[in-house]
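My questions all concern the structure below.
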Amino acid sequence: MSEIPKAYEPQSVEDKWYQFWLDRKCFVADPARVSPKRPAYSIVIPPPNVTGVLTMGHVLNNTIQDILARKARMDGKEVLWLPGTDHAGIATEGVVARLLSKEEKKSKRDLGRDEFIKRVWAWKEKYGGIIISQLKKLGCSCDWTRERFTMDEDYARCVQKVFVDLYQKGLIYRGKRMVNWCPATQTALSDEEVVMKEQKGSLYYFKVEIDEQPGTFLTIATTRPETIPGDTAVAVNPRDPRYSKYIGKHVIRPLPAEFPREQKLIPIIGDEHVDFEFGTGVLKVTPAHDKADFEIGQRHNLAQIDIMHPNGHMNPLAGEALNGLDRFKARKVAVELLTGMGALEKEEPYTNNVGFSERADVPIEPRLSEQWFLKYPSVDKARECVEQEDDSVGRASSRAEFSDAKAGSSVASPHQKMRFHPQRWAKVYDHWMDTLQDWCISRQLWWGHRIPVWSKKANEDGPSITALQTQLNTFKQSGALIQMNLYTPHEKKEGATNVLQRDPQENYFIRLDVAVDPTEEKIISLLEQHGFTQDPDVLDTWFSSWLWPFATMGWTGDKSQHSSTPTLQAFYPTTDLVTGPDIIFFWVARMIMAGYEFMGDLPFENVYFTGIIRDKQGRKMSKSLGNSPDPLDLIGRYGADALRFGTMRSAPLGQDILFDEQNVELGRNFCNKLWNACRFRQMVGSGGSATGEVQGEIDPKLLTSDDKWILLRLDAAIREMNTAFAEYKFSDATATLYRFFWSEYCDWYVEASKAALSPVAANGSSLHSSAALPSAATRSNTLAVIDFVLSHTLRLFHPFLPFITEELWHGMGYAVDMPENQGGRTIMTAPWPKPLDDDFKSHYGLTGDDEKRIEARNELVSEGRNLRRNANIAANKKVKFILKPARELAAHDVEVLRLLLNADSVEVQANYQSSKSTMTVRTESGDLFLPLEGLIDVEAEKARLAKELQKIEAEAVKVEQKLANPNFTQKVPANVLQEHKQRLADWQAKREHTKAALAALQN
RNA sequence: GGGCGCUUGGCGCAGUGGCUAGCGCGUCUCGUUUACACCGAGCAGGUCGGGGGUUCGAAUCCCUCAGCGCCCACCA
């Protein structure tokens, strides 16, 4: 580090070191190196969408993972941070489809399935994974040799095998159900992909005539008049005295107007679901377009009339006037029609919650359709394994226990408990697990894992199916992974999940579904010969992501050898998962169930839930608001370390993060401070008698009080860091680093060390009679302390600031003396600092007393500076102070006082008497006087002292009263009592001193 | 309708029964002294959301009210 720039320039440093780490394979995990002495540590990245670009959310999430991974490496663990991307079905298909329509004016259907999928792959190769290169810019230490994609060939096989396996277990079934239908993307969605949004709309009241009692009308309130043509009943609460008498009668549905009367006759039914407080207490029932209505329909065996096309436009069953209209347009027209026929009674403004497609941001259309569903596996185990708050009473740091347990026995038995951080998410998880609904896993898309089911419909007496069934059974006996399900009309009566619905266009049919591992080519060709076709649907993207922790580690899906890959054996279960609470159900819960079901063990030991990044005003980051900063731009302007540090510093555990660019600026300033502190060490090192080389040995006999103090502060910082890591409190960790390095090391220690480092003093003479005469030996000793502290500090910083610490580690020469694998090559593998132990402390003579004495001396400095400011003495003007010490002070300390007070001299006078023109203050380590020789503003000083005295009085009285209370003195613990007595004595001493000073001014 | 979280100086936050309630940012004043103006020094600024209770002692524990936010839920 010869020519050191005055300011840190991250741009010239970051790429260099990232390449250095890659070249030396620093991020590559080797299962063979794992041993009881070198335990494994693993994280799988939450795979970002392959279409994604880096957002502040990614920065937060991945910085935390990188911090954990880098810390674990320094702890001597074998670390695997496994990266990759997610194929993100809907998102990716949407991106490519939009591109296609923009550039070629074609739809995906124009291209056809195979060609379209080719285009998606081409797009993926070209643009996909931009985010991967962005993660590298951030400094992420992922093992890129193991990068995975959820559509990789071997990953896809895992997905298919899992499907067949669950199908065999009877957990996957096909069913015609009410699903969340997205008319924009024209696919079914899971419940989790629906977000509720408050919508302002209207509640329309319309009347219907009771067929059996002409002239009697019921009024119905609805928000969706366009679905009237789909109504097949009107429901009232059977306990509702107003209406119960009408149950069993019929009403005439007003729409479609042109339909014959008998087609529009629908029954009035009684159902408990109807709330008689709401609206008029009469509910229109549309079993084909509303989830609750569907269930009412099931209970009363109502017909289902589907009046919409899949794209959300009305079909002919909605009637001439509505046919072809978009559902929202149809709503307006339906209202007009009702008004026209005099059926509309009123319309009132109404706000309700409407389900929206999370991806496409359009209202969901509840729609009856045939889909694949999964009954969740391993639910009980998954529910029990997450530690609830009540479980943990009396367990101070269970994470430490976890780590130790794992280190102790390398072959781990199945883990019992998993911890969430913050733990309150366990409750949310628990609640969801208690109310699990079957998961709709099929999607009407092309980009994704195609459902490995071949099926054929036939008439009930079709001979081909039975014959084929027999044939397939022989394959099955030979161990092929296939499963058949024969659907016959009879099953309908049993009300089972495998309900075969009557196909409206055809007669009853039977169907043979065959789930096959797609690698069973013989079987598939046999099926295809017999006219079987593969299900056109693909699986929900999360149906592949839920296997991520083990499908990425070489899991084959073959149960007999599921733990046979070295990677799985070494790194599964993973240690930590870092993710956002928004995907706790989508991903975390499902991974836990999959972990148990397919690996027989939980997938991770700890889950850290980050907060959500918001803007300064607390709004969510969003593209439409334009309030989402580009992290790459921030990295360009401030450096990756600055972005990381600024983000971590403002990200307390469990709370949302308000992003403010000022935080990044602060991170940059901090890096610069670190840079300059090292630069200072280089500059003082090359002058005087010491060379620029690292000073190794510290001589206990030559330590100054400040040296001892900073070593003790370093010790405290290391301990605090360890606690923060154990509790996943990264903002605490950065706060500790900030305080220790900036306030304690730079502001106090470095400034004080200048007394020992003074080149003048080192020459053996001094300009100041009161100054100590530090020898050259003391000087190099202080340099050695600085090197000790800095080399530890850099290591404490490294997980947070990987680039600048690597640059300084080498630049300062700290790498030189270290063994190759312990920091000699890179700070990445330098050992994490240990707290200073008792041996160390006694060898160097470090005691709590030293710490207190320096802090008392520093208080003297602060008070002295305060006096200066109150006397309006310019910061650069040299003055003389007089000190009447409470106890003996070393020459070094007096010299430090002189330096830090920017004084010509600090004279120690045991019997100094204050005079009229002297300002003064009493501190624990003595009375400080600032003689002003007539320059003093007596009135101002009187006022200041009076104010001071008032405050002192108030505090003294408070303590006096406490001590006067016998209840207090009797019940309070001895140490607290003692502390209060001391406090009173201190206040009284200050009171006396201030009174005396005030009195002196009166003369 | 249930559940969870939050409320401490202008802003963002620490502080789970006992130091004079801290920290960072910001504001203001002074300052180019052997790293750093991306800096240093100093001042100002808080009845800890309201009310009640437990206790010798409450920002901290309990009750209650209010406000804000999030999640879950089939009132059309």
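Below, read A as the first sequence line, B as the second, and so on, with proteins coming before strands; counting in each chain starts at 1. Please read all numbers here as calculations on a predicted model, not as lab measurements.
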Please pick, from B:A76, B:U29, B:C36, the nucleotide with the shortest atom-to-atom distance to any side-chain atom of A:R869.
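Looking only at side-chain atoms, A:R869 lies closest to B:U29.
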
If we take the P atom in both B:U7 and B:A59, what is their distance in whole Å?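 Looking at atom P only, B:U7 and B:A59 are 15 Å apart.
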
Problem - Residues A:N902, A:K878; criterion side-chain contact (heavy atoms from CB on, under 4.5 Å); working and verdict - result: CA-CA 6 Å; A:N902 199 23; A:K878 302 266 180 190; 3.1 Å; yes

query = Distance check: side-chain N/O of A:R865 vs OP1/OP2 of B:G42, anything under 4.0 Å?
reply =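 Yes, within the criterion.
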
- Message: So, OP1 or OP2 of B:C43: does either fall under 4.0 Å of a side-chain N or O from A:N866?
- Response: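 Yes, within the criterion.
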
Give a yes/no on whether any side-chain N or O of A:K284 is located under 4.0 angstrom from OP1 or OP2 of B:A76.
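No.
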
(Q) Tell me whether the side-chain N/O atoms of A:S862 come closer than 4.0 Å to OP1 or OP2 in B:G42. (A)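 Looking at the OP1 and OP2 atoms of B:G42, one of them is under 4.0 Å from a side-chain N or O of A:S862.
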
Of the listed nucleotides (B:A76, B:G26, B:G24), which one gets closest to any side-chain atom of A:L283?
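Between B:A76, B:G26, B:G24, the one nearest the side chain of A:L283 would be B:A76.
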
Measuring to OP1 and OP2 of B:G40, would you say a side-chain N or O of A:K673 lies under 4.0 angstrom away?
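For B:G40, OP1 or OP2 has a side-chain N or O of A:K673 closer than 4.0 Å.
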
- request: Please state whether the base of B:C4 and the side chain of A:K427 form at least one donor-acceptor pair under 3.5 Å?
  value: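 No such pair is found, so the answer is no.
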
- Is the distance from OP1 or OP2 of B:A76 to the nearest side-chain N or O of A:Y350 less than 4.0 Å?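 Checking B:A76 against A:Y350, a side-chain N or O does come within under 4.0 Å of OP1 or OP2.
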
Q. Which whole number of Å gives the distance between the P atom of B:C39 and that of B:G26?
A.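 B:C39 and B:G26 have their P atoms separated by 9 Å.
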
For this session: Among B:C74, B:A35, B:A76, find the nucleotide with the atom closest to the side chain of A:F278.
Result: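 Among B:C74, B:A35, B:A76, the one nearest the side chain of A:F278 is B:A76.
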
Original post:
For the side chain of A:E751 and the base of B:A35, is some donor closer than 3.5 Å to an acceptor across the two?
Top reply: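 Yes.
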
Check your understanding: Across all strands, who's sitting opposite B:A35 as a Watson-Crick or G-U wobble pair, both distances under 3.5 Å?
Key ->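 Pairing partner: none.
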
Item to check | A:W425 ring center near A:F609 ring center (under 6.0 Å) | outcome: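 Ring centroids of A:W425 and A:F609 are less than 6.0 Å from each other.
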
### Task
With heavy atoms under 4.0 Å as the rule, sort A:R224 into base, sugar-phosphate or nothing.
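A:R224: no heavy atom of the nucleic acid under 4.0 Å.
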
Review point. Is any side-chain N or O of A:H431 under 3.5 Å from a base N or O of B:C71, one able to act as donor and the other as acceptor?
Key: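 Looking at the base of B:C71, it does not pair with any donor or acceptor on the side chain of A:H431 (distance under 3.5 Å).
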
Output, in order, the C-alpha distance, side-chain angles, deciding distance and verdict of side-chain hydrogen bond (donor to acceptor under 3.5 Å, both in side chains) for A:K284 and A:T286. CA-CA 7 Å; A:K284 71 193 253 321; A:T286 326; 3.1 Å; yes

Report task. Please confirm whether the backbone N or O of A:A233 pairs with a side-chain atom of A:D231, one donor and one acceptor, at under 3.5 Å? Result ->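 No, because the side chain of A:D231 does not come within donor-acceptor range (under 3.5 Å) of the backbone of A:A233.
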
Pair partner, B:G42 [Watson-Crick or wobble, under 3.5 Å]: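 Base partner found: B:C28.
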
| field | Assigned partner base of B:U55, Watson-Crick or wobble definition, under 3.5 Å | value |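 Matched B:U55 with nothing under the 3.5 Å cut-off.
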
Under-4.0 Å side-chain N/O to phosphate OP1/OP2 contact, A:Y738 with B:C25: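 For A:Y738, the contact criterion (side-chain N or O under 4.0 Å from OP1 or OP2 of B:C25) is met.
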
Checklist entry - Do side-chain atoms of A:Q11 reach the backbone of A:G636 as a donor and acceptor pair under 3.5 angstrom? => result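 At least one qualifying donor-acceptor pair exists.
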
**Message:** Taking B:C11 as the reference, what is the distance to B:U47 when you measure between their P atoms (whole Å, please)?
**Reply:**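 My reading of the P atoms in B:U47 and B:C11 gives 13 Å.
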
Does the structure show a Watson-Crick or G-U wobble partner for B:A14, both distances under 3.5 Å? Name it, or say none.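 In the structure as shown, B:A14 has no Watson-Crick or wobble partner.
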
Measuring only the C1' atom in each nucleotide, how far is B:C62 from B:C68? A whole number of Å is fine.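 Nearest-Å result for B:C62 against B:C68 at atom C1': 23 Å.
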
Base-pairing assignment for B:C70 (Watson-Crick or G-U wobble, both under 3.5 Å)
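By the stated definition (distances under 3.5 Å), B:G3 pairs with B:C70.
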
- Item | Candidates B:A35, B:G18, B:C75 - which lies nearest the side chain of A:P973 |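 Selected nucleotide (nearest to the side chain): B:G18.
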
| query | Looking at A:N669, does any N or O in its side chain come under 4.0 Å of the phosphate oxygens OP1/OP2 on B:C39? | reply |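 For B:C39, OP1 or OP2 has a side-chain N or O of A:N669 closer than 4.0 Å.
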
Practice task
Taking only the side-chain nitrogens and oxygens of A:W425, find out if one of them lies under 4.0 Å from OP1 or OP2 of B:C71.
Solution key: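 Looking at the OP1 and OP2 atoms of B:C71, neither is under 4.0 Å from any side-chain N or O of A:W425.
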
Please report the distance separating the P of B:C19 from the corresponding atom of B:G5, rounded so that it comes out in whole Å.
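Comparing P positions in B:C19 and B:G5 gives a spacing of 27 Å.
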
Below 30° counts as parallel, above 60° as perpendicular, anything between as tilted: where do the rings of A:F800 and A:F645 land?
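A:F800 and A:F645: perpendicular rings.
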
